[in-house]
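I have placed the structure first, in the form of structure tokens, so that the comments after it can refer back to it.
Fair warning: this is a prediction, and the values are worked out from it, not measured in the lab.
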Amino acid sequence: MELFVSEGNPHCLKVLAALKVTGVQCGVQFVNHEGKTYSMCLTCRYLFELNGPESSDQCNQWLEWEATILQPALLRALHLAVLQGKGSEVPKVLQGPLNVLDQSLAKGSTAYLTGEAVSVADVVLWGALHPVLSVSSLALSDHKSVKAWSDRVAAVRGCQSAAQKVLQGKGLEAMKSYMQKQPAPQSRDTQPCNGERAVSEEEMEAAALIWSKDLNACSHPAEKQHPVMPQEGNRNVLITSALPYVNNVPHLGNIIGCVLSADVFSRYGQLRGWNVLFVCGTDEYGTATENKAREEGLTPQQICDKYHAVHSSIYKWFQIDFDFFGRTTTEKQTEIAQDIFWRLHKNGFLVEDTVEQLRCENCQRFLADRFVEGTCPHCSYPEARGDQCDKCGRLINAVELREPQCKVCRQTPEIRSSKHLFLDLPKLETQLENWLERSTSSGDWTANAKQITRSWLRDGLKPRCITRDLQWGTPVPHPDFKEKVFYVWFDAPIGYLSITANYTNEWEKWWKNPHQVELYNFMAKDNVPFHSVVFPCSLLGAQDNYTLVSHLIATEYLNYEDTKFSKSRGVGVFGDMAKDTGIPSDVWRFYLLYVRPEGQDSAFSWADMALKNNSELLNNLGNFINRGGMFVTKFFGGCVPAMELQQEDKKLLAVVGWELQQYIQLMDKVKIRDALKHILNISRHGNQYIQVNEPWKKIKGGESERQRAGTVTGVSVNIACLLSVMLLPYMPAVSQTIRDQLNAPQTCINTMLQGPGTFVCALRAGHRIGTVSPLFQKLEADQIEALKKRFGGQQPAAVPAPPVVAEVKVVDGSDPEKAKQLAEAVAEQGDKVRALKSQKAEKAVITAEVSKLLDLKKQLALAEGKSPEPAPQKGKKK
């Protein structure tokens, strides 16, 4: 056996290093660049397997990644550095692949890519990267794990001498002659004018090689065993979704911001072979629950029981696949929250202070959080709560509100003093900043999560009150504060722990195991400070080896059409209404994920939902999958025909494989909306492939044309099978339907998304498919218009008609029952006026509604036994 290598050819470095590392006896001949060529990766694998076992699946996945992802990027980088003198642009070109490699190495526990011994994957990747990593001026040293791994491989016997022989000590300059003979690479960041991405011969051959793999050699997906526990040697991923308030029905924005996004990532992680635990539950303590109980004439516990069932039903309909959906009103919550409290107390991270609070003398109670509303001192929003402004997002103390009102009786509260306990955030600030530096640099934190956290730290942290003067909450165990409960934002995140504890008694293996568990938190942006500052400080201060968040995923806000969701005004779709529209939950999931507010606020639009359903689902995705299946049924008796791949087919396989790789890279980074576009791209490529090849015509032709029709049909149904797997996190019911129609083998589920992506021929020639039928239905214009009107707040509000003054019965100068009804009417009409102003409605319309509001206020004053004339305003003198 003899090897032919050439100086300056970077591919030859891999082979020469493999020869040295394996010790295989073989002659080496140096030739010019036009000499004999062969597949370098296959040769390296052959050399390793001569004296050792076959390459593992993990090894092969890295080799595929090197050929399809790393090599195209390296070719562009070398072209820039060697021929154009633009070395400064190399880090940008290689950033994506190096990030993938760096993260994999950082998360692994072994010295090399696949274990404690150097493998063919290590040698091939090292040989590919060594020419650029060894040049300090290219500034690639940021990837510390890659650098350390590269140094370890370079120290293996024979690697450095191989580099010396190929590069002759000249570095990149030695490659100039070789690079001049290579075609200019097509940038992946730009598309040619015809919209197609350039595909190299190497990519086509690599794609065809993957396609030919035997699916049956892959292991069957294991059924999930409960309770799910961390596993040694596996990637253990703990996923939490922000706990929804129990006291209300979630709208579409709540669903996409938390539970749906987390569900998609959880399902995806299982497809990737990760060990995933997904927990959530209802947040049941606090003022919001007490308020709701008062409104409905129930006890807080009855409210919690009622709405916990409502939440569970909604999430079940949306196919949110929690491993456990619990609640915070449990003994475990009290036990764990009080334990953390005592640890913070023992470690000196709690301080006492007397604070001024608003007290309603009429209700004989302090007004915590949502029991008081007023004008925000920062942005002048008129409906700010006693703990936070929903408009500007700033946290506030209730005493800072301008023109405060008790939400129960609408009286003006007074300022009184009360003793409380505070979490000493300034004392924990250094620990927090050190942890944040590590977590945000190694984990996937969304840009808004980082920015919001930085804004909290910018001006220095201040002590944060953790107690409240309420009855409904986790009791504070300290004897001096026995009449108080924990503030919900100290207490609620501990719900993640207690919910897990109600799932398994061994909950600490998840929550006190930071070296083995990766924690993903999903939420909307308004919840970020509590998950990135307050809760981590509680756990850091407890000093009990708690698992802290590794990846904080925050969405922006989803609006409804051109306004906000409002239950009281009948504006927007809420979770319990979606199923009554007749639109399947998978279509709701698809559209919410399509418009997921990842980088900026987005809006739900009925017209756009219909457009996306009819164009993307019906005409693009559904049309492609249905056509392939129908061709098998109609032309080939329900059995997949034989396939003889031509260059055109291999090119399609490479393009589809590239889209799959992009999908995986984006999903790994929790770019859920962007990844969805690559699924739709694949079906577009498939539709074009069918349209160009016209199998319905070729099936009527000669032998070669019928064979061509068979190949196109077979490739198409296999792409449909791949799409069913990629769709599973987004549209689980549709995914299952596609696999049922194709009678797809179960092993395809855990094969396609392994490594960088593995598009294999899952449906071999002779495979019998099931019954094919359309996947989606058209949303008609009149149907959409009716739904838009139904949820647009245009229907008459269920508000009592303003009573005539003369008919108001006043007993002792007041009528409490009538006052209660009118107070609700005033609130409803006030919402309507504010909505009209925010929508910039015509002045005449606003004036008419303001007049109604003033009339209602007069009726309310009379019912309360007051003068209907407005009282003089205080503090307005000039």
Side-chain angles (χ1 to χ4, degrees), residues 10-24 39-71 73-74 94 96-134 140-164 166 206 231-236 272-275 442 515-516 518 661 664-665 668 754-758:
H11 299 294
C12 292
L13 175 51
K14 308 171 194 173
V15 183
L16 212 50
L19 188 65
K20 299 278 188 183
V21 170
T22 59
V24 172
S39 171
M40 304 294 182
C41 289
L42 288 176
T43 304
C44 292
R45 187 160 61 183
Y46 171 75
L47 290 172
F48 267 81
E49 291 177 357
L50 270 180
N51 295 329
E54 287 188 6
S55 299
S56 66
D57 287 344
Q58 191 180 6
C59 239
N60 291 333
Q61 287 161 11
W62 277 117
L63 295 179
E64 290 160 13
W65 181 82
E66 192 270 349
T68 57
I69 300 294
L70 181 60
Q71 274 304 323
L74 268 174
L94 293 179
L98 286 179
N99 282 344
V100 171
L101 182 58
D102 198 69
Q103 288 170 18
S104 179
L105 288 164
K107 292 171 183 174
S109 57
T110 56
Y112 299 100
L113 287 172
T114 62
E116 293 300 334
V118 70
S119 69
V120 61
D122 294 291
V123 170
V124 168
L125 266 68
W126 176 83
L129 287 168
H130 177 75
V132 292
L133 291 179
S134 60
L140 298 174
S141 57
D142 288 347
H143 301 84
K144 295 177 183 177
S145 296
V146 171
K147 179 71 168 60
W149 161 81
S150 177
D151 290 344
R152 284 195 293 274
V153 179
V156 174
R157 175 179 60 87
C159 286
Q160 286 289 16
S161 62
Q164 178 64 29
V166 173
Q231 299 170 354
E232 190 70 40
N234 202 346
R235 184 179 182 188
N236 299 297
R272 293 282 276 157
W274 306 338
N275 184 44
S442 63
H515 298 297
Q516 203 175 25
E518 289 181 64
Q661 290 155 7
I664 288 174
Q665 288 181 31
D668 279 354
Q754 294 308 299
T758 310

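The line from CD1 of I664 to CD of Q754 is 8.5 Å long, rounded to the nearest 0.5 Å. The distance from the CG atom of N234 to the CD atom of Q516 is 9.5 Å, given to the nearest 0.5 Å. Rounding to the nearest 0.5 Å places CZ of R157 at 9.0 Å from NZ of K20. Separating the CG atom in L74 from the CG atom in L125 is a distance of 9.0 Å, to the nearest 0.5 Å. The line from CG of L16 to NE2 of H11 is 14.5 Å long, rounded to the nearest 0.5 Å. Atoms NZ and CZ, on K14 and R45 in that order, are 12.5 Å from each other to the nearest 0.5 Å.
Nearest heavy-atom pair, C159 versus V21, reported as atom, atom and distance to 0.1 Å: SG-CG2, 3.8 Å. For the residue pair A128 and E66, the shortest heavy atom distance occurs at CB-OE2, 3.6 Å. Scanning all heavy atoms of the two residues, the minimum distance from A18 to L47 falls at CB-CD1, 4.0 Å. Heavy atoms only, all atoms of each residue included: V124 and C44 are closest at CG2-CB, 3.8 Å. Across all non-hydrogen atoms, the minimal contact from W149 to L113 is NE1-CG, 4.0 Å.
Remark: the backbone N or O of K147 is not paired with any side-chain donor or acceptor of R152 at under 3.5 angstrom. Between the side chain of S104 and the backbone N or O of L101, no donor-acceptor pair lies under 3.5 Å.
For the pair S150/L129, no side-chain contact is recorded, criterion being any heavy-atom separation below 4.5 Å from C-beta on. Side-chain contact between E49 and V120: absent, with no pair of heavy atoms (C-beta onward) separated by less than 4.5 Å.
Other residues, nucleotides and ligands contribute more than 12 heavy atoms inside 6.0 Å of the CD atom of E116.
Partner of W126 under the side chain to side chain contact (heavy atoms under 4.5 Å, CB included) criterion, chosen from V153, V156, L133: V153. Just one residue in the list L105, L98, L94 forms a side chain to side chain contact (heavy atoms under 4.5 Å, CB included) with H143, and that residue is L98.
Shown here are the side chain to side chain contact (heavy atoms under 4.5 Å, CB included) partners of S119, two or more places apart in sequence or in another chain: C59, T114, A121, D122.
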